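Computed from a prediction, not measured in an experiment: that's the story for all the values here.
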Amino acid sequence: MISLKQLTQLAATSTEVWQVFQADAGQAARTDATAAATADADAKERAEIQLRRSRNLLWALSSRLKGLSDEATASPAIRARLLVDNALRLEGLNPRMLAERDDKNRHAQLIREYQSTFDSLRLNLGEDSMRTLTETFHYPERIYALGEFVKLRREKAGLESRAMGIEKKIEEARAASAEAEKESACVEAFLRTLKAQKGSAIALGVALLGMVLINVSLIIAVVVGVLGLILLVLGLLSWLVSGVAFAAFDEELKRKVSAFKEEGFLAVSQRLRMAQEAMRALEVRFEENRKELSAVNAKLGKAVELERTWKPMTDLEVDNVTQKMTESCKQFFGETGVRVIFQNKKELSLL
């Protein structure tokens, strides 16, 4: 006959791939918060926290056994399946963490009660049903995990498609940004040319003023004239350089920029800023999408590492396998059996 120990060992090896898809952000956050609080506590407080958890688990498992012993609650098959899940948690409970003698005694008594309850269920089920229970033991988990596997695989395809869309938008934004930068550079060259023209005109005026001042004071005239010539040379050089830079742009853009007024120059600057902001926003979205895709790939990789036969399976093949397991579960556990089993597992994970 199949023993409770054999089934608890079977349950202990059945949870790996199922747990890959059991990541609960809320539970993770609660766990992180508890870990942080525990880390800040001293050794005595940590021991007290561990003691409370162990006692809570002990009495929760004790309470669950009453429901599993009640023949009116569910079929023997479901009760046997749930009893194994709970027995696994009981087996993992270290009695040394229980300080009170009553708790230690209750732990030992509970082990015996779980065993006697299982023996009673085993007699009711018979050898054939026990073999069926063993064969279908992992089915509910695999049904759930396969469904999540396909969902995650589709999510990966969606993320990859989104990445392609974002990349296309980035290319478009990059082209728009390059065009805006080109227009802005043309504006800058045009404004520098205008500034150089004005500077040259002022320098020429200063040089001419020096000539006029000859009749007043030769020294002043020489100083002003020399200053004007220096400014004129610098202005002409700046005009030449700016003119060459401006001439490098295509004729259509030069005509467009030359016709701008002050509002037009401000609009060019604004378009460049908006294009650069759009680029940065798209790059952030792409990075977020990349991180999400990386997490999905890691989860899928872990699942395939545990269940290598899943990788080559198409969605249709997954549906067929899931359908077969579902029908087997319905025949053995009943219509609500799988849901009850999963609910029990979720509740146990919160204890």
Side-chain angles (χ1 to χ4, degrees), residues 1-16 18-19 22 24 26-27 30-31 33-35 37-125 129-130 133-134 137-138 140-141 333 336-337 339-351:
M1 292 288 285
I2 298 169
S3 67
L4 178 59
K5 182 67 175 178
Q6 289 174 313
L7 286 178
T8 54
Q9 289 175 344
L10 186 65
T13 59
S14 69
T15 56
E16 286 186 283
W18 188 70
Q19 286 181 348
Q22 282 292 295
D24 180 4
Q27 179 64 19
R30 289 192 296 272
T31 302
T34 303
T38 304
D40 293 336
D42 57 24
K44 182 178 180 181
E45 290 175 334
R46 288 198 298 271
E48 290 176 353
I49 291 172
Q50 186 60 47
L51 174 61
R52 286 197 299 270
R53 288 177 180 172
S54 298
R55 295 196 76 228
N56 289 341
L57 178 59
L58 177 68
W59 293 103
L61 293 175
S62 178
S63 176
R64 285 173 180 273
L65 181 61
K66 295 178 181 178
L68 295 173
S69 303
D70 186 1
E71 296 183 2
T73 56
S75 69
I78 295 176
R79 286 188 286 137
R81 179 65 173 77
L82 298 180
L83 185 140
V84 173
D85 286 337
N86 287 271
L88 180 63
R89 295 301 297 268
L90 180 62
E91 190 177 272
L93 180 58
N94 188 350
R96 288 181 296 180
M97 297 305 301
L98 302 170
E100 299 293 333
R101 179 177 295 276
D102 289 345
D103 290 339
K104 292 179 183 292
N105 292 339
R106 182 56 186 151
H107 178 266
Q109 178 64 26
L110 199 57
I111 290 176
R112 292 191 292 271
E113 289 177 358
Y114 263 88
Q115 182 64 58
S116 62
T117 302
F118 175 79
D119 291 340
S120 176
L121 290 171
R122 182 171 56 183
L123 291 175
N124 289 336
L125 286 169
S129 292
M130 287 301 297
L133 176 64
T134 304
F137 199 90
H138 297 331
E141 294 171 0
F333 294 114
T336 61
R339 185 170 64 251
V340 172
I341 292 168
F342 276 129
Q343 185 61 38
N344 178 71
K345 279 186 170 292
K346 290 176 182 177
E347 289 176 1
L348 279 173
S349 67
L350 298 175
L351 290 177

Run the side chain to side chain donor-acceptor pair (under 3.5 Å) test against T117 and tell me which residues pass, sequence neighbours left out. none
List the steps, then state whether side chain to side chain contact (heavy atoms under 4.5 Å, CB included) holds for L61 with Y114. CA-CA 10 Å; L61 293 175; Y114 263 88; 3.9 Å; yes
Criterion salt bridge (Lys or Arg N to Asp or Glu O under 4.0 Å) on D85 and R81, from CA distance to verdict: CA-CA 7 Å; D85 286 337; R81 179 65 173 77; 2.8 Å; yes
Applying side chain to side chain contact (heavy atoms under 4.5 Å, CB included), run through L83 and L65 and close with a yes or a no. CA-CA 7 Å; L83 185 140; L65 181 61; 4.2 Å; yes
Working to the nearest 0.5 angstrom, can you tell me the gap between S62 OG and H107 NE2? 11.5 Å
With sequence neighbours excluded, tell me which residues meet side-chain contact (heavy atoms from CB on, under 4.5 Å) with L123. none
side-chain contact (heavy atoms from CB on, under 4.5 Å) test vs L68 passes for just one of N86, L121, I78, namely N86
Do L133 and L7 pass the side chain to side chain contact (heavy atoms under 4.5 Å, CB included) test, and can you show the C-alpha distance, the side-chain angles, and the key distance before you say yes or no? CA-CA 9 Å; L133 176 64; L7 286 178; 4.0 Å; yes
Checking K5 now: which residues fulfil salt bridge (Lys or Arg N to Asp or Glu O under 4.0 Å) with it, not counting sequence neighbours? E91
Side-chain donor/acceptor of Q6 to backbone N/O of S3, under 3.5 Å: yes
Considering all heavy atoms, the nearest A87-L4 contact: CB-CD1, 4.1 Å
Run the numbers on L110 and R106 for side chain to side chain contact (heavy atoms under 4.5 Å, CB included), then give the verdict. CA-CA 6 Å; L110 199 57; R106 182 56 186 151; 3.6 Å; yes
The criterion is side-chain contact (heavy atoms from CB on, under 4.5 Å); which residues satisfy it with S54, sequence neighbours excluded? Q50, L93, M97, L98
Heavy-atom closest contact (L10 atom, T13 atom, distance): O-OG1, 3.0 Å
According to side chain to side chain donor-acceptor pair (under 3.5 Å), who are the partners of Q109, at least two apart in sequence or on a separate chain? R112, E113
Heavy atoms only: give me the nearest L125-A77 pair and the separation to one decimal. CD2-N, 3.7 Å
Summary of salt bridge (Lys or Arg N to Asp or Glu O under 4.0 Å) pairs that have at least one residue in residues 114-125, sequence neighbours excluded: D119-R122
Spacing of CZ belonging to R55 relative to CG belonging to L57, to within rounding of 0.5 Å: 12.0 Å
